[in-house]
Amino acid sequence: MDPSRIPAEFPAPSFRGAQEQALADIRDAFAAGNRVVLVRAPTGSGKSLLARAIMGAAETAGEAAPSEATGAYYTTPQVSQIDDVEADDLLDDLAVIRGKSNYDCVLPGEHDTPVNRAPCARQQGFDCSIRHRCPYFSDRAIASGNRFAAMTLAYFMRTAGSEVFRKRDAVVIDEAHGLAEWAEMYATIEISPERVPVWDDVGVPDVAADAGPEEDAVDRTARFVEALRDVSIRAKDELVGRPELDREEVARRDRLQELISELGWFLEDYREPESPTTWVVDQSGGEGSPIDIKPLDPARYLRHTVWDRGNRFALLSATILSKDAFCRGVGLDPADVALVDVEHTFPLANRPLYDVTQGSMTYEDRDETVPKIARLIVRLMAEHPDEKGLIHAHSYDIAERITELLGQFGVAARVRRHDRQNRDAELEAWKASADPEVFVSVKMEEALDLKGDLCRWQVVCKAPYRNTNDSRVARRLEDGQWAWYHRTALRTVIQACGRVVRAPDDHGATYLADDSLLDLFERAEADTPDWFRDQVDAMTTPSLPAFDPEAALAGIDASPSGGAGAGRRRSRRSDGSESGNAGHSSRGEGGSEAGDGDATANSGTTGEESVKTRSERDAERRRDHPLSDVWGDG
């Protein structure tokens, strides 16, 4: 790598904000001999452009000896960011490669078959006459031979040890703050009927109760895994020996191969006395129930899948909050790592935080607080009648409750929500809408670029602490890792705040509805970046309009309808299926300020109509359309 090339490799015609200084600092950090450089750049700093400049410093084939690594990888956990890279004209020299399931076969009669289920995967010894035209293998060949290749972190990790995607001179990981958690997720082994094709051929023990006198649950799990792996190998070998497989058999064979590899990795690490990995096991149902095998410290996994893949690394994120803690979590020596801080150049006035806390959102207090937050949202809709809003609901349970309450209050006509199946489709529909819709979302705090009028205000409904029922979280808290617990929650809040302000001349408001968020800011103060601390210190409590559903709908062609009675009817999910009333329609719905009165307007619309969100109405239009049999159910 030649760090001196970094500033000149910047792909945009001019610098914005602190980009020029950032590139100079990154250049100097690599020139000082650091193998890894962490770049802590606030949201909207143009990290993908910084990444491309760093990649440009990698050795080229003409500069290196035949045995030396050349070129660079760009990788990120977020699929949406790979989409953005592919669509960015300034990054058109990055060759994007995706997993096989993202490409369709081009053979006659197979155009709706993903490549991972195509004849080349189904038939032994299949010789594809048009492999050179296969979109997957074509993209793979281009990416492997290109100076710069871009892929998701999942694909990058899966290709570790590949002869196609070998070690390169430089690796850039964007949105790297969650690298340890992503590695833990990828390394987790799920033993369940859905993930184990030979589930009915093995007896799953109660690993805690069935452990021997010198064993714990992990030891007993290891013995079971040995037996499961043997059964899986026999089942896989039987399939591999067949001359041809159908699609379901291909899927079974591929999953068995993955499972065998996963189980083998666990056993190898478990048997290694010097391994730094601590394994934990979750099995809530006892004998015959699923088992999750999870690594606490994935440093060894990352060494093989990431750190052996390049000579130099740049890790970019707005929320690498503690250098030492991050390095410990991913298996890096802090002495080999430099941290470059990029200045935040967005005016503080353009990114305000507002304290609109309504109470605690802990599990014990949620029934009382959620109705208050729903009423707050109606008031915010009135405050922003012509602007799109985003609700970070934190969980599907909270999202369901809020959406149902908004239906009871008669403002569903302005509300859109998603479920696990239609998440991407509903997001795109919301972004494309010309109306000031309010989107009730789950897990959209990251990798969402809502510049300009795409969104002008958002609500954080709950402090995003990790689930303490997760064995990894519980184990860390038993070990006293409370700083980690608060740091991971703060990281998510900072990421969320960056969704609606994407440039120096952009602006957006973030409203904080959970009391625990204020407590979080105090507990994690030592890990808070200065620029975000400025936002917290400048936080105020706004004066909002009274609760008035009619005012909340002033920006669209609709009137409040239904009132409190509508909430006692059954609502429909966005896929059209019915769900019962969650039972949170009346308790604790008082406003947070004096003069917050109820609206009783009723347009005469039927109760069924009154609780339909934009998502539900769109789904009905698709079902009722004459071409619905061609489109499917949407």
Side-chain angles (χ1 to χ4, degrees), residues 36-43 45 47-48 50-51 73-85 150-158 160 171-188 277 294-303 305-307 309 313-332 337 339 392 394-395 423 441-449 460 463-468 470 472-473 475-476 481 483-499 520 524 527-529 532:
V36 180
V37 175
L38 309 181
V39 182
R40 188 159 57 191
T43 302
S45 300
K47 290 190 292 293
S48 59
L50 300 179
Y73 289 119
Y74 171 91
T75 185
T76 173
Q78 305 290 352
V79 175
S80 61
Q81 283 189 275
I82 293 296
D83 295 340
D84 292 342
V85 165
M151 60 195 70
T152 63
L153 186 63
Y155 189 91
F156 182 71
M157 287 180 165
R158 283 202 304 269
V171 177
V172 177
I173 305 177
D174 204 354
E175 299 298 342
H177 53 270
L179 183 58
E181 287 84 356
W182 283 97
E184 287 178 358
M185 184 183 72
Y186 294 144
T188 293
T277 308
K294 305 175 180 180
L296 263 183
D297 305 299
R300 187 165 181 248
Y301 180 80
L302 284 169
R303 186 179 69 217
T305 59
V306 175
W307 306 129
R309 306 287 300 281
F313 293 82
L315 277 58
L316 285 64
S317 173
T319 51
I320 296 176
L321 302 182
S322 166
K323 172 189 168 182
D324 288 348
F326 178 83
C327 290
R328 286 195 303 270
V330 298
L332 293 174
V337 179
L339 174 63
H392 296 286
H394 183 71
S395 72
R423 173 187 176 90
S441 71
V442 178
K443 302 299 181 188
M444 290 194 181
E445 298 92 349
E446 298 186 26
L448 197 57
D449 184 356
V460 180
Y465 283 110
R466 300 284 293 273
N467 185 354
T468 55
D470 185 302
R472 287 173 295 198
V473 177
R475 178 67 174 268
R476 286 191 170 107
Q481 296 183 38
W484 165 86
Y485 185 63
H486 294 120
R487 192 164 49 243
T488 54
L490 176 64
R491 192 178 69 195
T492 302
V493 173
I494 295 174
Q495 287 285 336
C497 291
R499 295 312 98 208
L520 170 63
D527 289 319
T528 304
F532 190 72

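All of these numbers come straight from a predicted model, not from anything done at the bench.
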**Q** How long is the gap from OG1 on Thr43 to CD1 on Ile494, to the nearest 0.5 Å?
**A**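 Those atoms lie 8.5 Å apart.
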**Q** Test side chain to side chain contact (heavy atoms under 4.5 Å, CB included) on Lys443 and His394; report intermediate values, then the result.
**A** CA-CA 6 Å; Lys443 302 299 181 188; His394 183 71; 4.0 Å; yes
**Q** Could you tell me which residues satisfy salt bridge (charged side-chain N to carboxylate O under 4.0 Å, His left out) with Glu446, sequence neighbours excluded, listed by chain and number?
**A** none
**Q** Please examine the side chains of Pro295 and Thr188, heavy atoms only from C-beta on, and report whether any two atoms are closer than 4.5 Å.
**A**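 They are in contact (side-chain heavy atoms under 4.5 Å apart), so the answer is yes.
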**Q** Once side chain to side chain donor-acceptor pair (under 3.5 Å) is applied, do any residues pair with Tyr73, and if so which ones, sequence neighbours excluded?
**A**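 Per chain and number, Tyr73 pairs via side chain to side chain donor-acceptor pair (under 3.5 Å) with no residue.
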**Q** Would you say the side-chain atoms of Lys323 pair up with the backbone N or O of Val337, donor to acceptor, closer than 3.5 Å?
**A** yes
**Q** Tell me, do Leu339 and Arg40 make a side-chain contact under 4.5 Å, heavy atoms counted?
**A** yes
**Q** Does a side-chain heavy-atom distance below 4.5 Å link Val330 with Leu315?
**A**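 They are not in contact (no side-chain heavy atoms under 4.5 Å apart), so the answer is no.
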**Q** Between the side chain of Arg300 and the main-chain N/O of Gly331, is any donor-acceptor distance below 3.5 Å?
**A** no
**Q** Specify the closest pair of heavy atoms between Pro298 and Leu296, including all atoms of both residues, with the distance to one decimal.
**A** CD-O, 3.7 Å
**Q** Minimum heavy-atom separation for Phe313 to Val306, with atom names?
**A** CZ-O, 3.3 Å
**Q** Taking atom CG of Leu332 and atom CG of Leu38, what is their separation to the nearest 0.5 Å?
**A** 7.5 Å
**Q** Restricting to non-hydrogen atoms, name the atom on Gly329 and the atom on Ala180 that form the minimum distance, rounded to 0.1 Å.
**A** O-CB, 3.6 Å
**Q** Restricting to side chain to side chain donor-acceptor pair (under 3.5 Å), what partner residues turn up for Tyr155, sequence neighbours left out?
**A**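 Testing Tyr155 for side chain to side chain donor-acceptor pair (under 3.5 Å), a comparison that skips the adjacent residues, returns Tyr136.
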**Q** Applying ring-ring contact (aromatic ring centres under 6.0 Å, His included), can you list everything that pairs with Tyr301, at least two apart in sequence or on another chain?
**A**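 Residues passing ring-ring contact (aromatic ring centres under 6.0 Å, His included) with Tyr301: Trp265.
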**Q** With sequence neighbours excluded, what pairs up with Asp83 under the salt bridge (charged side-chain N to carboxylate O under 4.0 Å, His left out) test?
**A** Arg98
**Q** Could you work out, with side chain to side chain donor-acceptor pair (under 3.5 Å) as the rule, every residue matching Ser317, not counting sequence neighbours?
**A** His177, Thr319
**Q** If you compare all heavy atoms of Val172 against all heavy atoms of Ala51, which two are closest, and at what distance to 0.1 Å?
**A** CG1-CB, 3.5 Å
**Q** For the side chain of Ser441 and the backbone of Met444, is there at least one donor-acceptor N/O pair under 3.5 Å apart?
**A**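 Pair absent, no side-chain N/O of Ser441 close to backbone of Met444.
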**Q** Is there side-chain contact between Val171 and Phe156, with at least one heavy-atom pair below 4.5 Å?
**A** yes
**Q** For His486, check ring-ring contact (aromatic ring centres under 6.0 Å, His included) against everything at least two apart and list the hits.
**A**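 Only Tyr465 meet the ring-ring contact (aromatic ring centres under 6.0 Å, His included) criterion with His486.
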**Q** Using a 4.5 Å cut-off on heavy atoms from C-beta on, say whether the side chain of Pro464 contacts that of Val493.
**A** yes
**Q** For the atom pair OH (Tyr186) and CG (Leu153), what is the distance rounded to the nearest 0.5 Å?
**A** 4.5 Å
**Q** Are Val85 and Asp174 packed together at the side-chain level, in the sense that at least one heavy-atom pair is separated by less than 4.5 angstrom?
**A**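 Result no, sub-4.5 Å side-chain heavy-atom pair not found.
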**Q** Given side chains that start at C-beta, do those of Asp84 and Ser48 come closer than 4.5 Å, heavy atoms only?
**A**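 They are not in side-chain contact.
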**Q** Can you list every salt bridge (Lys or Arg N to Asp or Glu O under 4.0 Å) pair that touches residues 490-499, not counting sequence neighbours?
**A** Glu181-Arg491
**Q** Please enumerate all residues that pass salt bridge (charged side-chain N to carboxylate O under 4.0 Å, His left out) together with Arg487, with sequence neighbours excluded.
**A** Asp527
**Q** Tell me every residue that passes ring-ring contact (aromatic ring centres under 6.0 Å, His included) with Phe326, counting only those two or more places apart in sequence or in another chain.
**A**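 ring-ring contact (aromatic ring centres under 6.0 Å, His included) check on Phe326 returns nothing, list empty.
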**Q** What pairs with Arg472 under salt bridge (charged side-chain N to carboxylate O under 4.0 Å, His left out), at least two apart in sequence or on another chain?
**A**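 With sequence neighbours excluded, Arg472 shows a salt bridge (charged side-chain N to carboxylate O under 4.0 Å, His left out) to Glu184, Asp470, given in chain and number order.
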**Q** Can you see which heavy atom on Ile173 is nearest to which on Ala176, and at what distance?
**A**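 Scanning both residues completely, I find the closest heavy atoms to be O-CB, 3.6 Å.
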**Q** Is Thr75 reaching over with its side chain to a backbone N or O of Met151, donor-acceptor style, under 3.5 angstrom?
**A** yes
**Q** Find out whether Met157 and Leu302 are in side-chain contact, i.e. whether some heavy atom of one side chain is under 4.5 Å from a heavy atom of the other.
**A**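 The answer is yes, as the side chains (C-beta and beyond) meet within the 4.5 Å cut-off.
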**Q** Looking at every non-hydrogen atom in both residues, tell me the closest pair between Thr76 and Tyr74 and how far apart they are.
**A**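 Looking at all heavy atoms of both residues, the closest pair is CG2-CE2, 4.0 Å.
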**Q** Can you list everything that forms a ring-ring contact (aromatic ring centres under 6.0 Å, His included) with Trp484? Sequence neighbours excluded, please.
**A** none
**Q** For the CG atom of Leu448 and the CD atom of Gln495, what is their distance to the nearest 0.5 Å?
**A**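 That separation rounds to 11.0 Å.
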